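Data first, discussion second: the structure below is written as structure tokens.
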Amino acid sequence: MGEPRDRCHARLAAPGLTMLTRRKFLGVGAAATTAGLFPGCSSVLPEPDVQAAGFGQDATGTVQVWCRAATQTGLTDLVKKFNASQNRLTVELTPVLDAQYVTKLATAIRGRTVPDLVDIDDINSMLFIYRDAFTDLTDPLAALDFRDKLSPGHLRLATKNDRAYGVPYLADNSMFWFNTELCDRADVDPDEAIKSFDNLLAAARKFRKLGDDIYAWSFPANSPGALGFVVQPMIWAADTDLIQGTIGEQSGHIVGNDVVQQMLELHRQLWVDGLVPRANFSDDASRWGSDFRAGKIGIFPSNYSVVVSASDEAFHQKVAPRLLSGPDGGAAFFDGGDNMCIPRGARNASGAWEFVRFALDLPQQIDLPAGGYTPVRSDARTAEFAKKYPLATLPLERIQEGYAPTTLSYNLLYNQPDGPWLQMFRRAVFDGELEAAMKEAQQNYDRILKQGQA
């Protein structure tokens, strides 16, 4: 998914693997393979034996790990901590630019020179799982005593045919953030506001009355990934999506989808009524959140990093997170972040799994908010955690509400400037051509999904 930290970036699981997190409409399992995804990328590399005696224990040698440049800082600290914890196994970290990650990994697979472990954007996990490039980790995953505490949304993005080919590592979640100081001045109750789009709009109008320099809302309307990260959950909260069907048979679900129309109408009204800054029109997320952190925005859909990591303690006292909501309430958040996967052909898979176990241990998970992310274990929400990171507890309390669509075409649909998601949103919201925008998007979603599944 995405890449929401600048998300310029920017859930449900198979039976027997994880609990359902959203309703059945969103829970269709992935089924078909995709022969044309990466020409020549299909893996014929040997799969490590994860059932071998001692797998993931007392490994020696070196573990080559690739990570996303966007999450490099956290991984660097994790590697240092792991290497210092023992002297028999050394992890070597290689950061890869997010925009190059998929291509670089596909090239490594074709060249039969894969790393031992990849820390990959969770939304891209499925691209390689459907090319049989990752190791089946179902059994070692099932052996973890905290297996049922792991984020089901992340796991769904690593699951095919009831088998898990990756594990969650860190979460990057989108939520509503309310400025409570402005809420008090405008007489806005966040819990009432999120009960419906009508309530959100009413709250927005109250905020705008506070003064010419105070706006109700802010969204990055010229950043496709960031926009998708904060707006899609408002659709998922009503148990629907812009995509329908299983992988291999997916199509757009836009024309005739009342929830998509209501989402666009809400944002159109925010724009027409002057409830959002004019700068939102060209906002490419390069300065995402600066207006909210300046105390000028009442409701801000974004993530922990943009709101909390980039501000001071005094500002933290003025914000309250809520899950994103739909036309009639509901709740959802984007389950962004990273999954860890062991490529087939890994030379030190045992060492890789030992490092994964270390990354998932509570001491490491509890420290994630220091780097701008949230844990993927719901049991990380200890009393100590809540005291230290009070603004990071909500997605752990409601971890079942996390979601991200399972598709092989996410980047083409949602992260490209000329993709159908951004084009639909801008045409509907800024030009007011909702019906035409949705019809055009339906056609382009269908075309891209069909090509991606060919």
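As the structure is a computational prediction, the values presented were derived from the model and not from experiment.
Of all the heavy atoms in Pro405 and Asp241, the pair that sits closest is CB-OD2, 3.7 Å. Taking every heavy atom of both residues into account, Phe219 and Val276 meet most closely at CE2-CG1, 3.8 Å.
Checked by atom type, the side-chain pair Asn83/Thr90 shows no donor-acceptor distance below 3.5 Å. Under 3.5 Å, the side chains of Ser223 and Asp283 contain no donor-acceptor pair of N or O atoms. Side-chain N/O atoms of Ser305 and Asn303 include no donor and acceptor closer than 3.5 Å. One side chain, Asn339 or Ser125, offers a donor N or O that lies under 3.5 Å from an acceptor on the other.
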| query | Can you list the steps and then say if Ile342 with Tyr165 is a side-chain contact (heavy atoms from CB on, under 4.5 Å)? | reply | CA-CA 8 Å; Ile342 299 177; Tyr165 295 85; over 6 Å; no
Original post:
Phe300 and Val306: side-chain contact (heavy atoms from CB on, under 4.5 Å), yes or no, with the steps?
Top reply: CA-CA 10 Å; Phe300 181 55; Val306 169; 3.8 Å; yes
Applying side chain to side chain donor-acceptor pair (under 3.5 Å), run through Asn173 and Thr374 and close with a yes or a no. CA-CA 8 Å; Asn173 309 131; Thr374 50; 2.9 Å; yes
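Applying the side-chain hydrogen bond (donor to acceptor under 3.5 Å, both in side chains) test to pairs two or more places apart or on separate chains, those with a residue in residues 347-357 are Arg88-Glu354. Listed by first and then second residue, the salt bridge (Lys or Arg N to Asp or Glu O under 4.0 Å) pairs that reach into residues 437-454 are Arg427-Glu440, sequence neighbours excluded. The side-chain hydrogen bond (donor to acceptor under 3.5 Å, both in side chains) pairs that include a residue from residues 51-66 are Gln51-Asp139, Gln64-Glu92, where partners are two or more places apart or lie in different chains.
Checked against side chain to side chain donor-acceptor pair (under 3.5 Å), Asp379 has the following partners two or more places apart in sequence or in another chain: Arg377. Scored by the side chain to side chain contact (heavy atoms under 4.5 Å, CB included) test, Ala69 finds Leu97, Asp98 as partners (sequence neighbours excluded). Ser251 meets the side chain to side chain donor-acceptor pair (under 3.5 Å) test with Gln244; sequence neighbours excluded. Taking the side chain to side chain donor-acceptor pair (under 3.5 Å) definition, one finds that Thr113 meets it with nothing, sequence neighbours left out. With sequence neighbours excluded, no residue satisfies ring-ring contact (aromatic ring centres under 6.0 Å, His included) with Phe146. For Ala279, there are no side chain to side chain contact (heavy atoms under 4.5 Å, CB included) partners two or more places apart in sequence or in a different chain. In this structure Gln232 satisfies the side chain to side chain donor-acceptor pair (under 3.5 Å) test together with Tyr410, Tyr414, sequence neighbours excluded. Evaluation of the side chain to side chain contact (heavy atoms under 4.5 Å, CB included) rule for Pro95 yields Cys67, Gln72 as partners, not counting sequence neighbours. Considering only residues two or more places apart in sequence or on other chains, Phe176 meets the ring-ring contact (aromatic ring centres under 6.0 Å, His included) condition with Trp217.
With a 6.0 Å radius and a threshold of 12 heavy atoms from other residues, nucleotides or ligands, Asp312 has its CG atom above the threshold.
Here the side chain of Thr135 pairs no donor or acceptor atom with the backbone of Leu137 at under 3.5 angstrom.
Contact check on Arg68 versus Asp338 returns a salt bridge, with a Lys/Arg side-chain nitrogen under 4.0 Å from an Asp/Glu carboxylate oxygen.
The aromatic ring centroids of Trp421 and Tyr445 lie 6.0 Å or more from each other. Ring centroid separation for the pair Phe315 and Phe292 comes in under the 6.0 Å cut-off.
For the side chain to side chain contact (heavy atoms under 4.5 Å, CB included) test with Pro343, the passing option among Ile109, Val118, Leu45, Asp116 is Val118; the others fail.
Looking at heavy atoms from C-beta onward, Phe425 lies in side-chain contact with Leu264 at the 4.5 angstrom threshold.
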